[in-house]
2 protein chains.
Amino acid sequence: MERTKIIETKEKAGKKVSISGWVTTVRDHGQIAFIMLKDRSAYVQCVLNGGLKEPVGEGYVLEIVGEVKERPEKMRNDKIPTGNVEIEVESYKVLNMSKDLPMPLNTDGKNINEEVRLKYRYLDLRRDRMQKILKLRSDYIAAVREELKKREFIEIETPMLTKATKEGARDFIVPSRFNPGKFYALPQSPQQYKQLMMTAGIERYFQFARCIRDEDLRADRGYEHTQIDLEMSFMNQKEVMQTVEDIIKGAVSAVGGRIKEDPFPVINYKEAMEKYGADKFDLRTEEEKKNNVLAFAWVVNFPFFKKVDAGDEAEKRDGKSGWVFTHNPFSSPIPEHLEWHMKGENIGEIVTAQYDLVCNGLEAGGGSIRAHNPEVLKQTFRIMGYSEEEIQESVGHMLEAFELGTPPHGGIGMGLDRQIMLLAGEDSLKETIAFPMTATGKTAVMDAPSPIGKKDLETLHLDVTDKGGSMVDRIKETLDSLGMVYKYMEHEEVRTSEEAAKIRGVDLSTGAKAMVIKSKEYEGKYIMVVIPADRQLDLEKVKNQLEEEFEIAPAKEVEQYTGLKLGSIPPFARLLKMDLYFDKAMYDKETVAFNCGLRTASIIMKGSDLIKAANPDKKSEKLEFAQ
Amino acid sequence: MERTKIIETKEKAGKKVSISGWVTTVRDHGQIAFIMLKDRSAYVQCVLNGGLKEPVGEGYVLEIVGEVKERPEKMRNDKIPTGNVEIEVESYKVLNMSKDLPMPLNTDGKNINEEVRLKYRYLDLRRDRMQKILKLRSDYIAAVREELKKREFIEIETPMLTKATKEGARDFIVPSRFNPGKFYALPQSPQQYKQLMMTAGIERYFQFARCIRDEDLRADRGYEHTQIDLEMSFMNQKEVMQTVEDIIKGAVSAVGGRIKEDPFPVINYKEAMEKYGADKFDLRTEEEKKNNVLAFAWVVNFPFFKKVDAGDEAEKRDGKSGWVFTHNPFSSPIPEHLEWHMKGENIGEIVTAQYDLVCNGLEAGGGSIRAHNPEVLKQTFRIMGYSEEEIQESVGHMLEAFELGTPPHGGIGMGLDRQIMLLAGEDSLKETIAFPMTATGKTAVMDAPSPIGKKDLETLHLDVTDKGGSMVDRIKETLDSLGMVYKYMEHEEVRTSEEAAKIRGVDLSTGAKAMVIKSKEYEGKYIMVVIPADRQLDLEKVKNQLEEEFEIAPAKEVEQYTGLKLGSIPPFARLLKMDLYFDKAMYDKETVAFNCGLRTASIIMKGSDLIKAANPDKKSEKLEFAQ
């Protein structure tokens with residue numbers, strides 16, 4: 001018998017149907033039993049006169065044959081779309097059984113531990129909220145494509161194995177088996193390829209591009225995201241912005257989204273900074289926030305260059321002259337400022353043909369009209385202090401393409417995950433991705449990254465130089481080898497002791513604050529002192545007790561020295577090859593808690609065990625560093 | 001003035017228009033000049049009374065304003081769709097110039113060296129043939145999506161950074177910065193994720209999945225391909241096949257493709273082997289071949305298991321019992337053979353619910369109904385000789401999902417590139433990909449793979465063990481260091497000396513055939529002898545001259561020992577740490593040619609130089625090995 005989708009049963013009263021799906025609840029009263037069955041379309045109540053013939057539990061997969069019965073007016077269930085009917089079961093077949101589910105699926109899942117949700121992501125996605133989000137994502141992609149198709153955009157896939165670029169973030173690299181010491185890079189975005197498509201005469205390109213960046217993980221950001229990636233030829237800034245805006249409006253309304261203002265307001269960068277203190281801002285009223293309205297706006301007239309931030313390695317590398325691009329080195333100055341640009345005059349005042357799309361306080365996309373004239377692109381790099389040789393080395397292949405008939409062009413890249421998050425009214429990007437990473441970079445369900453065989457490494461001409469594992473692994477190994485009991489937990493990213501205490505559900509005083517300090521007497525000498533998280537470090541006391549003057553080490557130096565982010569540093573200085581001192585107050589702690597190398601992972605354990613495992617200098621018992 | 005697409009000019013006689021595009025030809029007669037301008041839609045002739053005001057050449061990008069003039073009946077150009085009109089130019093603006101194009105763009109490009117085509121891929125794609133293919137690809141993708149949408153399939157993206165699997169080919173791996181010694185793997189296919197989506201209750205999943213495999217390169221195959229990837233729940237084999245067939249038929253006809261037989265013929269594996277000697281076959285008549293008709297057919301009833309091929313490492317690893325799966329370990333046996341499967345009886349006769357789609361002699365897709373019952377999947381691995389522990393290690397996470405309410409399901413993966421190749425009537429997959437790899441694994445346009453900095457390697461806790469570069473690089477370095485002149489060429493894959501000579505355009509006798517032979521007296525001793533490619537090795541002569549008995553080394557051993565494919569081995573035994581002997585006939589060669597470590601790359605050079613560079617044993621001048 002052909003399968004009927006459950007939603008269709010509401011119009012099949014009196015008919016015999018075969019339905020298949022998952023059991024969400026079972027109530028067996030002996031003489032009669034009720035099963036709520038769910039498929040991708042809906043839920044329906046099934047009635048078994050005579051009770052269950054064969055055991056059935058939550059999560060079981062059943063095929064049910066029965067008659068659709070109209071329910072009496074009073075008995076209707078308004079909560080489900082098939083509430084006007086029920087299925088009088090003639091027979092059923094268990095297509096697959098289910099063990100007890102490791103988490104409830106009848107809630108929105110937000111209170112369930114992330115690790116559990118992601119380990120069993122294939123179950124987590126079965127809950128109604130996640131099904132709706134996945135459907136919305138698929139529908140929105142289809143709607144955007146529909147808008148693009150109307151406008152004659154052509155979809156083109158660009159390579160996943162490509163060359164390292166300088167796009168701000170770090171590249172993931174892929175060793176080449178046939179080329180010892182050489183590597184492909186995964187694409188951070190298809191920026192260069194899409195511009196080359198314009199040279200190729202494509203005129204209107206799009207791609208839902210998979211972008212992969214080795215950025216520091218945040219609570220809601222993994223290494224991968226999908227970008228709605230567009231590029232157009234023979235259009236000016238206004239035309240590109242109009243086209244993008246029309247596409248967004250068409251697609252958002254196709255999936256039932258509501259937009260605050262049409263046309264999108266266009267705001268100058270300077271005005272935004274003055275008015276909102278940022279180039280991202282939320283234009284919604286409180287009412288609109290409740291109703292999940294999308295407040296899009298454009299920000300334009302950004303400065304092309306800014307002074308290099310001396311603390312930023314990437315900016316220092318790019319901005320050899322002291323000037324560095326603000327958004328994208330491939331952008332063009334606005335036509336009015338082309339002359340300044342070419343002459344290298346008034347650099348700080350040159351405005352770039354950049355446009356950012358913001359929505360509800362977040363950046364929803366960014367794009368620009370590009371430099372298509374090779375001299376303009378060269379000049380951008382000259383302004384940043386590149387020599388002719390360095391320019392060729394960096395963008396020689398692009399300059400060559402620009403010398404072979406590249407038309408004027410511009411485009412945009414928009415984060416799909418973020419647009420879905422906004423449309424769905426969710427708070428985390430992870431809720432929009434089928435299989436996101438955990439906060440520690442593990443892939444959902446699958447146990448990756450994982451070690452590979454020695455032989456496979458040899459084939460790739462590689463050797464691992466540090467086989468110690470991650471800091472988390474090394475701390476766990478230390479504790480395990482000492483037979484200690486501890487609680488390991490993964491959580492959202494925390495940056496302060498206060499945030500950490502809250503998320504761990506323990507008192508602030510429990511925290512072991514590990515601080516790296518720097519000798520003012522010996523160049524390059526760093527040590528660690530550990531104090532209770534509810535107290536402050538007193539450098540005067542440090543000086544008196546250790547008979548040496550120290551200062552707080554700058555964040556950059558700490559991160560460089562330890563390889564760990566500030567806020568993630570564990571009180572295990574020995575593993576970081578540093579001297580370690582505990583404040584004597586640490587010796588009185590029953591329980592201690594600390595981040596173990598990641599801002600997203602903590603360990604809670606006995607205070608006395610920590611002292612044994614971390615092994616601070618013996619003097620520590622008498623030392624006092626905290627106010 | 002708003003831009004008019006060139007194709008629209010044919011209906012705008014008498015109107016003033018602004019058009020933009022690329023100059024494909026210029027004829028300047030002084031008083032009058034003619035420019036053929038092309039945009040993405042069409043070509044049109046532009047007439048400049050008074051000649052060129054500003055220099056214009058082929059490849060220049062122009063914006064032209066002028067009046068559309070109807071051409072007199074006799075003067076019409078039937079070769080282009082706008083042949084009924086021409087543009088009387090009022091003014092034009094050079095939007096970008098162009099240097100001389102490095103290759104002609106007014107041909108189909110098939111006779112141009114692949115290296116040049118791929119280096120300048122952004123120009124190569126500008127030619128009409130490539131524009132049509134890119135458009136066809138985009139249209140076909142849209143048409144397939146349309147068919148999928150009608151049938152309520154949901155698009156879901158699966159991770160690019162995932163876990164290594166055992167899918168036959170080698171994984172590309174990606175080092176994890178925070179986990180020394182641990183690696184992600186790029187997906188060879190989303191097989192496991194898509195099955196998990198069925199556990200998640202998605203019921204109908206699709207993705208245009210980027211699949212990346214570290215397979216040996218072939219002339220027309222890079223490391224990446226795109227797969228039309230589907231999975232469905234609650235359907236039997238017939239229903240899945242019917243759904244896939246309907247999707248293909250709908251999409252092919254939407255882009256104007258012609259299909260030979262509807263419904264697709266369904267042929268048993270055994271019958272196919274008897275009738276065609278293979279499970280891929282071409283059902284087209286000669287006439288249909290000319291007309292680019294697509295002859296699809298299904299092949300079904302494959303054996304689930306086969307005896308392990310002792311020469312195949314992957315099969316030996318998987319088939320510990322001597323039996324190994326033929327297609328996919330996640331497949332199910334057909335219902336009629338479930339009992340044999342569960343009892344482990346008649347293993348060689350168990351038929352799997354596998355279906356392959358063939359088209360014009362090629363495999364167009366492959367899929368199956370999967371085992372959704374955990375015991376059935378376990379039994380598949382038990383038949384192959386896996387212990388319970390090994391089963392858990394390999395597919396434990398899938399078994400766990402199957403114990404949590406996974407419905408019956410099945411699906412298919414179809415190579416998009418190949419379908420486009422067949423639709424376009426092309427011979428090479430590379431013609432269907434915007435930026436394919438060269439035959440040596442370099443990415444088009446971009447110079448990847450490339451070395452990365454020492455510091456970046458340190459961050460990843462890696463060290464390169466063999467800094468010698470690829471064999472090609474090492475040979476080139478050797479020759480360069482000796483100041484020798486040689487011709488290096490990349491070409492389609494060759495496997496025999498005859499193929500090589502043909503593609504190099506030199507006489508067969510020029511070839512230097514490097515043969516690895518194996519001592520029958522000393523275990524594990526391999527040496528190389530080099531003879532003219534038009535002659536045969538005589539092992540009797542080898543024995544007499546070297547006073548030791550040798551045999552031809554088996555292909556597997558040669559490939560393992562040298563790391564190179566048979567047919568690619570260069571006469572540089574020293575680089576492979578082997579003794580080297582030349583046949584004396586090699587000393588008379590003016591010119592020699594040989595593959596230099598790849599089946600897709602050759603070097604042609606002076607014979608005397610080769611002897612100097614390769615440095616065979618001094619006795620060689622008097623030795624004779626060839627018949």
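Every chain is numbered from 1 and lettered A, B, ... according to where its sequence line falls, protein lines coming before strand lines.
Side-chain contact check for A:Ile202 versus B:Leu134: some heavy-atom pair is nearer than 4.5 Å. In this structure, A:Pro102 and B:Leu404 have side chains that are in contact, with non-hydrogen atoms separated by less than 4.5 Å. Looking only at side-chain heavy atoms (C-beta outward), A:Leu462 and B:Val464 come within less than 4.5 Å of each other. At least one side-chain heavy atom of A:Ile452 sits less than 4.5 Å from a side-chain heavy atom of B:Ile173. Residues B:Met437 and A:Tyr184 form a side-chain contact, since some pair of their non-hydrogen atoms from C-beta on lies under 4.5 Å apart. You'll find the side chain of B:Asp447 stays beyond 4.5 Å of the side chain of A:His397, heavy atoms only.
B:Ala444 touches chain A through its backbone: at least one of N, CA, C or O sits under 4.5 Å from a heavy atom, while the side chain does not. The contact between B:Gln207 and chain A is made entirely by side chain atoms (from C-beta outward), counting heavy-atom distances below 4.5 Å. Heavy atoms closer than 4.5 Å to chain A are found in the backbone of B:Met97, but not in its side chain. Only the side chain of B:Asp456 comes within contact range of chain A, judged by heavy atoms closer than 4.5 Å. Interface remark: B:Ser176 contributes side-chain atoms only to the contact with chain A (heavy atom separation under 4.5 Å). Contact annotation for B:Glu403: both backbone and side-chain heavy atoms come within less than 4.5 Å of a heavy atom of chain A. The parts of A:Leu161 that come within reach of chain B are both its backbone and its side chain, each placing non-hydrogen atoms under 4.5 angstrom from that chain. Using a 4.5 Å cut-off between heavy atoms, B:Pro374 contacts chain A through its side chain alone, with no backbone atom that close. The contact between B:Met198 and chain A is made entirely by backbone atoms, counting heavy-atom distances below 4.5 Å. No part of B:Glu458 comes within reach of chain A, as not one of its non-hydrogen atoms sits under 4.5 angstrom from that chain. Contact of A:Arg40 with chain B is made through backbone and side chain together, with heavy-atom distances under 4.5 Å. With a 4.5 Å cut-off on non-hydrogen atoms, B:Leu416 touches chain A through its side chain but not through its backbone. No part of B:Leu105 comes within reach of chain A, as not one of its non-hydrogen atoms sits under 4.5 angstrom from that chain. Using a 4.5 Å cut-off between heavy atoms, B:Pro175 touches chain A through backbone and side chain atoms alike.
By the 30° and 60° cut-offs, the orientation of the rings of B:Phe435 relative to A:Tyr193 is tilted.
For A:Tyr120 and B:Glu400, the side-chain atoms include at least one donor-acceptor pair closer than 3.5 Å. With hydrogens and angles left out, the side-chain atoms of B:Glu157 and A:Thr226 include a donor and acceptor closer than 3.5 Å.
In terms of non-hydrogen atom pairs under 4.5 Å with chain B, the most contact-rich of A:Lys442, A:Glu239, A:Met197 is A:Met197.
Residues A:Met160 and B:Ile212 come closest through the heavy atom pair CB-CD1, 3.6 Å.
Side-chain N or O atoms of A:Arg126 include one that pairs as donor or acceptor with a backbone N or O of B:Thr199 at under 3.5 Å. Panel note: side chain A:His372, backbone B:Leu95; a donor-acceptor pair is recorded below 3.5 Å. For the pair A:Asn96 (side chain) and B:Pro407 (backbone), a donor-acceptor distance under 3.5 Å is absent. Using modelled atom types, one side-chain atom of A:Gln131 and one backbone atom of B:Ala200 make a donor-acceptor pair closer than 3.5 Å. A donor-acceptor contact shorter than 3.5 Å is absent between the side chain of A:Glu224 and the backbone of B:Pro159. A distance-only check finds no donor-acceptor pair linking the side chain of A:Trp22 to the backbone of B:Gly201 [under 3.5 Å].
The distance from the CG atom of A:Leu564 to the CZ atom of B:Phe178 is 8.0 Å, given to the nearest 0.5 Å. Separating the CG atom in A:Leu196 from the CE atom in B:Met446 is a distance of 5.5 Å, to the nearest 0.5 Å. One distance of note links CZ of A:Phe183 with CG of B:Leu457; it measures 5.0 Å at 0.5 Å rounding. Here B:Lys5 contributes atom NZ and A:Phe234 contributes atom CZ; the two are 13.5 Å apart, rounded to the nearest 0.5 Å. B:Ser20 contributes atom OG, which lies 11.0 Å from atom CE of A:Met235 (distance to the nearest 0.5 angstrom). For the atom pair CD1 (A:Ile154) and NZ (B:Lys135), the distance works out to 6.0 Å, reported to the nearest 0.5 Å.
A salt bridge does not link B:Arg137 with A:Glu155: none of the charged nitrogens is closer than 4.0 Å to a carboxylate oxygen. Residues A:Lys182 and B:Asp473 are paired through a salt bridge, judged by an N-O separation under 4.0 Å between the basic side chain and the carboxylate. Under 4.0 Å is where a charged nitrogen must lie from a carboxylate oxygen, and between A:Arg177 and B:Glu215 no such pair does. Ion pairing between a basic and an acidic side chain is recognised when a charged N comes within 4.0 Å of a carboxylate O; B:Glu203 and A:Arg3 show such pairing.
Summarising the local packing, NZ of B:Lys93 is surrounded by 12 or fewer heavy atoms from other residues, nucleotides or ligands at distances under 6.0 Å.
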